[in-house]
Amino acid sequence: MTPESKQLAANRQAFQRRLGEWFARSQRKLPWRTERSVYRTVVSELMLQQTQVATVLPYFERWMSRLPDFEALAAASEETVLKLWEGLGYYRRARFLHRLAREIIRLPALPRTAAEWRALPGIGDYTAAAIASIACGEAVACVDGNVVRILARLTADDTPFATSAAAVKRFTPLAEALLDECAPGRHNEAMMELGATLCTKRRPACTVCPVASLCAGRASPEIEAIPRIGRAKTEQREVRRAWVRRDGELLLHRIPKGSVRMAGLHELPTLEHLGRDAGTPAPDSLLTTRRRTITRYQITEKIHRLPPPKGPLAADLVWVAVDAIGQITLSGPHRRWVRELLAAGH
DNA sequence: AAAACGGGGTA
DNA sequence: TACCCAGTTTT
């Protein structure tokens with residue numbers, strides 16, 4: 001613990017009071033706050049991993065109206081779950097949540113502690129602490145990127161971290177020292193709300209921050225550079241895909257169940273799926289080139305028009321009626337591209 | 001086009 | 001610790 005963190009920990013009661021009063025008057029009204037249940041907390045936390053609040057809102061409401069509790073989710077089909085998740089991205093989360101519900105309903109009672117939640121699929125240290133504190137009242141601190149940023153700035157700590165995991169590890173003791181054990185859920189939500197709305201990565205609103213007077217880094221010109229967390233270098237990748245039409249139908253690839261990535265979703269098939277890896281297609285078959293970014297990869301997808309394959313279809317390739325494409329699940333980018341290409345008359 | 005948002009699992 | 005998962009929105 002640095003001198004700044006000892007100083008801050010010594011002022012923990014003032015910190016908790018100012019944070020709590022600010023949160024009471026400034027918190028956003030969010031559907032998982034205005035109506036609370038363990039299930040709503042779990043679903044919101046899984047959706048909020050890697051995804052911003054504004055994006056989650058419509059998905060959360062639709063999910064709740066269709067799958068209102070753990071029992072309904074456990075009884076739902078994989079297709080239903082993926083369809084409700086379509087467009088949110090990082091589809092593994094949907095499968096984790098589905099598995100989690102099926103494990104939960106077999107338990108004699110809901111998990112209560114972070115350690116119990118941590119054992120379930122898709123639940124790491126942060127999510128376990130968030131659920132246990134917010135939904136179960138356990139006095140555990142949760143440390144996400146927001147909390148790291150707040151604590152690094154409060155202590156003016158410009159230590160460089162190789163990874164975000166290293167930063168989380170560094171600031172966990174301070175987060176625990178500051179935790180309001182009388183209201184751990186409210187305290188954790190307030191910390192994350194502060195990070196999401198005032199102590200933002202760029203242009204933090206120090207002038208209206210409730211804990212600015214306790215902040216060693218407040219309004220310093222370098223505060224935007226804290227915390228210092230290394231970023232992985234981006235890597236270029238290229239994928240060639242096939243646009244194959246037959247009257248009223250489009251050829252898609254259904255990603256097998258056992259796949260780590262996007263299991264159960266559909267994509268445009270790659271040329272390899274069609275056995276076209278030998279030799280490049282004629283240049284004039286190139287329909288369009290699209291780019292997408294995912295974590296550290298910048299992926300270029302080249303889409304070529306190809307004639308329908310002769311003979312039996314390879315496993316996992318399916319003809320889908322153009323009118324029925326809305327009923328199957330594609331990743332966000334592929335759904336957009338397919339719509340655009342169909343609308344353009346291809 | 002770049003930057004902001006930023007957690008879990010696995011080897 | 002490094003790397004994968006297979007992204008949307010804002011600037």
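The sequence lines fix the lettering, A, B, ..., with proteins before strands; numbering per chain opens at 1.
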How close or far is atom [atom2] of [N] from atom [atom1] of [X], stated in whole angstroms?
X: Leu46(A); N: dG8(B); atom1: CG; atom2: P; value: 9 Å
X: Arg93(A); N: dA6(C); atom1: CZ; atom2: P; value: 10 Å
X: His253(A); N: dA6(C); atom1: NE2; atom2: C1'; value: 14 Å
X: Leu100(A); N: dG8(B); atom1: CG; atom2: C1'; value: 13 Å
X: Gln52(A); N: dA4(B); atom1: CD; atom2: P; value: 12 Å
X: Arg291(A); N: dG7(C); atom1: CZ; atom2: C1'; value: 17 Å
X: Glu238(A); N: dA6(C); atom1: CD; atom2: C1'; value: 17 Å
X: Ile294(A); N: dG8(B); atom1: CD1; atom2: C1'; value: 14 Å

Side chains of [X] and [Y]: is there a donor and an acceptor less than 3.5 Å apart?
X: Arg149(A); Y: Thr200(A); answer: no
X: Thr155(A); Y: Asp157(A); answer: no
X: Arg240(A); Y: His304(A); answer: no

For Gln298(A) and for Phe96(A), locate the closest nucleotide of DNA chain B by heavy-atom distance; then report the residue assigned to the nucleotide nearer the 5' terminus.
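Whichever sits nearer the 5' end wins; that is Gln298(A).
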
Of all of residues 143-151 of chain A, which get a heavy atom below 4.0 angstrom from DNA chain B, listed by number?
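Under 4.0 Å from DNA chain B: Asp144(A), Gly145(A), Asn146(A), Arg149(A).
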
Nucleotide nearest [X] (side chain, heavy atoms from C-beta), chosen from [options]:
X: Gln50(A); options: dG7(B), dG8(B), dG7(C); value: dG7(B)
X: Thr163(A); options: dT8(C), dT1(C), dA6(C); value: dT1(C)
X: Arg237(A); options: dC5(B), dA6(C), dT8(C); value: dA6(C)
X: Tyr297(A); options: dC4(C), dC5(C), dA2(C); value: dC4(C)
X: Lys201(A); options: dC5(B), dG9(B), dG6(B); value: dC5(B)
X: Arg202(A); options: dA6(C), dT9(C), dT11(C); value: dT11(C)
X: Met262(A); options: dG7(C), dG7(B), dC5(B); value: dG7(C)

Would you measure the distance from the C1' atom in dC3(C) across to the matching atom in dG6(B) and give it in whole Å?
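It comes out at 16 Å once rounded to the nearest Å.
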
With rounding to whole Å, what would you report as the distance between dA6(C) and dA11(B) at their P atoms?
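After rounding to an integer number of Å, I get 16 Å for this pair.
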
Can you work out whether Ala166(A) or Thr293(A) has the more 5'-proximal nearest nucleotide on DNA chain C?
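The answer here is Ala166(A).
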
Quick one: on DNA chain C, does Ala165(A) or Arg203(A) contact a more 5' nucleotide (nearest heavy atom)?
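Going by which nucleotide is closer to the 5' end, it is Ala165(A).
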
Establish, with yes or no, whether the OP1 or OP2 oxygen of [N] is under 4.0 angstrom from a side-chain nitrogen or oxygen of [X].
X: Arg92(A); N: dC5(C); answer: no
X: Tyr91(A); N: dG7(C); answer: yes
X: Thr127(A); N: dG8(B); answer: yes
X: Arg118(A); N: dG9(B); answer: yes

Quick one: label [X] by what it contacts on the DNA or RNA (base, sugar-phosphate, nothing), any heavy atom closer than 4.0 Å.
X: Ser331(A); answer: sugar-phosphate
X: Val168(A); answer: nothing
X: Ile123(A); answer: sugar-phosphate

Considering the options Arg336(A), Arg241(A), Arg290(A), Arg291(A), which one meets the salt bridge (charged side-chain N to carboxylate O under 4.0 Å, His left out) requirement together with Glu301(A)?
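In the set Arg336(A), Arg241(A), Arg290(A), Arg291(A), the residue that makes a salt bridge (charged side-chain N to carboxylate O under 4.0 Å, His left out) with Glu301(A) is Arg241(A).
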
Atom CZ of Arg339(A) with >12 non-hydrogen neighbours under 6.0 angstrom
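Incorrect, the count does not exceed 12.
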
Side chain to side chain contact (heavy atoms under 4.5 Å, CB included) between Met262(A) and Ser331(A), intermediate numbers included
CA-CA 8 Å; Met262(A) 292 175 66; Ser331(A) 69; 3.3 Å; yes

Are Val140(A) and Met191(A) joined in one hydrophobic group, where the rule is that I, L, V, M, F, W and Y side chains link up if heavy atoms are under 4.5 Å apart?
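In one cluster with Val140(A): Met191(A), no.
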
Whether Arg118(A) side chain and Ala128(A) backbone form a donor-acceptor pair below 3.5 Å
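Between the backbone of Ala128(A) and the side chain of Arg118(A) there is no qualifying donor-acceptor contact (under 3.5 Å).
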
Would you call the rings of His253(A) and His273(A) parallel, tilted or perpendicular, taking 30° and 60° as the class edges?
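Rings of His253(A) and His273(A): parallel, as their planes differ by under 30°.
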
